[in-house]
**Student:** 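Sharing a structure with you now.
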Amino acid sequence: MSTPLLQVTDLAVGYGNREPVLRDITLTLEAGEVLGVVGMNGAGKTTLMRALSGSLRPRSGTIHFDGKPIGGVNTADLARRGLVLLPEGHRVLRPLTVDENLEIATMALRRGRVRRRLREVRALVYELFPILEQRRTQLAGLLSGGEQQMLSLARAIVQNPRVLLLDEPSLGLAPLIIDRIYQSLDSLRHQGISMLIVEQNSERVSTACDRLIVLRDGQVSAAGPPAELQGSRLHHAYFG
Ligand SMILES: Nc1ncnc2c1ncn2[C@@H]1O[C@H](COP(=O)(O)OP(=O)(O)OP(=O)(O)O)[C@@H](O)[C@H]1O
């Protein structure tokens, strides 16, 4: 079997001197796969994302990306290697226009050929989200919540990810907009981007992922194909 893109083994993560929030976390993300991670409030989902994206150092255990250990590697270096986090909430530069938001994200890539990359990025992003093209000269802070989430996702895509870590991409959005976001995730998947999607509610992510992992109280309480994690099994995994 090929090496998984992400391999997390016996991971423990915590804050300060307190007891670890996450314990014994073992999971894999294969190339081309979409993995859903769900669980109720406080289960540790965001903490997992922080550990995977380099903002929290593991207490113990290992994280490998593309076969190499990455525990302790910082977020910017991980993004350059292709492991990119879309954090919770809409991270856009509110006083700048949509187009400027894309431009800044592209310039942050540091290497040359920014102009050419910017042309590619615009073509890709505006095909994925035609509404953003209509709004390209509008200030990001004046966009709707859904449009800000699209722009936030666009800024992540600019970084050319191999793996996208998405922390509650549907948070606070209307059902129609959530569908729009998930459609775009589906097309990114067809472009070869692997994803780990965290959601509090399993309903929407279950339709989009190959495998679902449930976290409860900092540990994996169930894992399997979404079709097998439903009803009382899912309820028990969430609540015990
Ligand atoms: N910066 C922090 N400092 C200390 N404790 C924290 C910090 N962030 C989270 N925690 C604690 O870690 C535990 C897990 O929180 P986390 O945010 O990872 O859960 P979550 O599953 O993402 O919840 P939510 O769905 O509400 O975002 C909680 O008990 C929380 O209080």
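Remember, it's 1-based here, ligands and their atoms both numbered in the order they're listed.
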**Student:** Check each heavy atom of M40 against ligand 1 and say whether those closer than 4.0 Å belong to the side chain, the backbone, both or neither.
**Tutor:** backbone
**Student:** Just by distance, with hydrogens left out, do Y126 and D99 show a side-chain donor and acceptor under 3.5 Å apart?
**Tutor:** yes
**Student:** Does G44 have a heavy atom less than 4.0 Å from any atom of ligand 1?
**Tutor:** yes
**Student:** Answer yes when R136 and E100 have at least one side-chain N-carboxylate O distance shorter than 4.0 Å, and no when they do not.
**Tutor:** no
**Student:** For residues S202 and L212, report the shortest heavy-atom separation together with the two atoms involved.
**Tutor:** CB-CD2, 4.3 Å
**Student:** Among all protein heavy atoms, pick out the one at the shortest distance from atom 28 (C) of ligand 1; state its residue, atom name and that distance to 0.1 Å.
**Tutor:** G42 O, 4.1 Å
**Student:** If you measure from atom 21 (O) of ligand 1 to every heavy atom of E199, M49, K45, E88, which option wins on shortest distance?
**Tutor:** K45
**Student:** Near T46, which atoms of ligand 1 are under 4.0 Å from a heavy atom of that residue?
**Tutor:** 17 (O), 18 (O), 20 (P), 22 (O), 27 (O)
**Student:** Is there a polar contact, in the sense of an N or O pair closer than 3.5 Å, between V21 and ligand 1?
**Tutor:** no
**Student:** Which residue and non-hydrogen atom of the protein lie closest to atom 26 (O) of ligand 1, and at what distance in Å?
**Tutor:** N41 OD1, 2.3 Å
**Student:** Which of the numbered atoms in ligand 1 are under 4.0 angstrom from any heavy atom belonging to T47?
**Tutor:** 14 (C), 15 (O), 16 (P), 18 (O)
**Student:** For Q200, counting its heavy atoms only, list the atoms of ligand 1 lying under 4.0 Å from any of them.
**Tutor:** 25 (O)
**Student:** Give a yes/no verdict on whether any heavy atom in R18 is under 4.0 Å from an atom of ligand 1.
**Tutor:** yes
**Student:** Just checking, any donor-acceptor pair under 3.5 angstrom between side chains of Y15 and T47?
**Tutor:** yes
**Student:** Would E199 and R204 pass as an ion pair if we require N to O under 4.0 Å?
**Tutor:** no
**Student:** Anything under 3.5 Å between a donor and an acceptor, one on a side chain of residues 156-163, the other on a protein residue two or more places apart or in another chain? List them.
**Tutor:**
| unit_1 | atom_1 | unit_2 | atom_2 | d |
| --- | --- | --- | --- | --- |
| R162 | NH1 | D66 | OD2 | 3.0 |
| R162 | NH2 | D66 | OD2 | 3.2 |

**Student:** Starting from atom 5 (N) of ligand 1, find the nearest protein heavy-atom neighbour and note its residue, name and distance.
**Tutor:** Y15 CD1, 3.4 Å
**Student:** Please name the residue in the list L151, V98, L102 that meets the side chain to side chain contact (heavy atoms under 4.5 Å, CB included) test with V125.
**Tutor:** L102
**Student:** Working to the nearest 0.5 Å, report the span between CG of L124 and OG of S187.
**Tutor:** 8.5 Å
**Student:** Strictly less than 4.0 Å: does any protein heavy-atom distance to atom 30 (C) of ligand 1 fall in that range?
**Tutor:** no
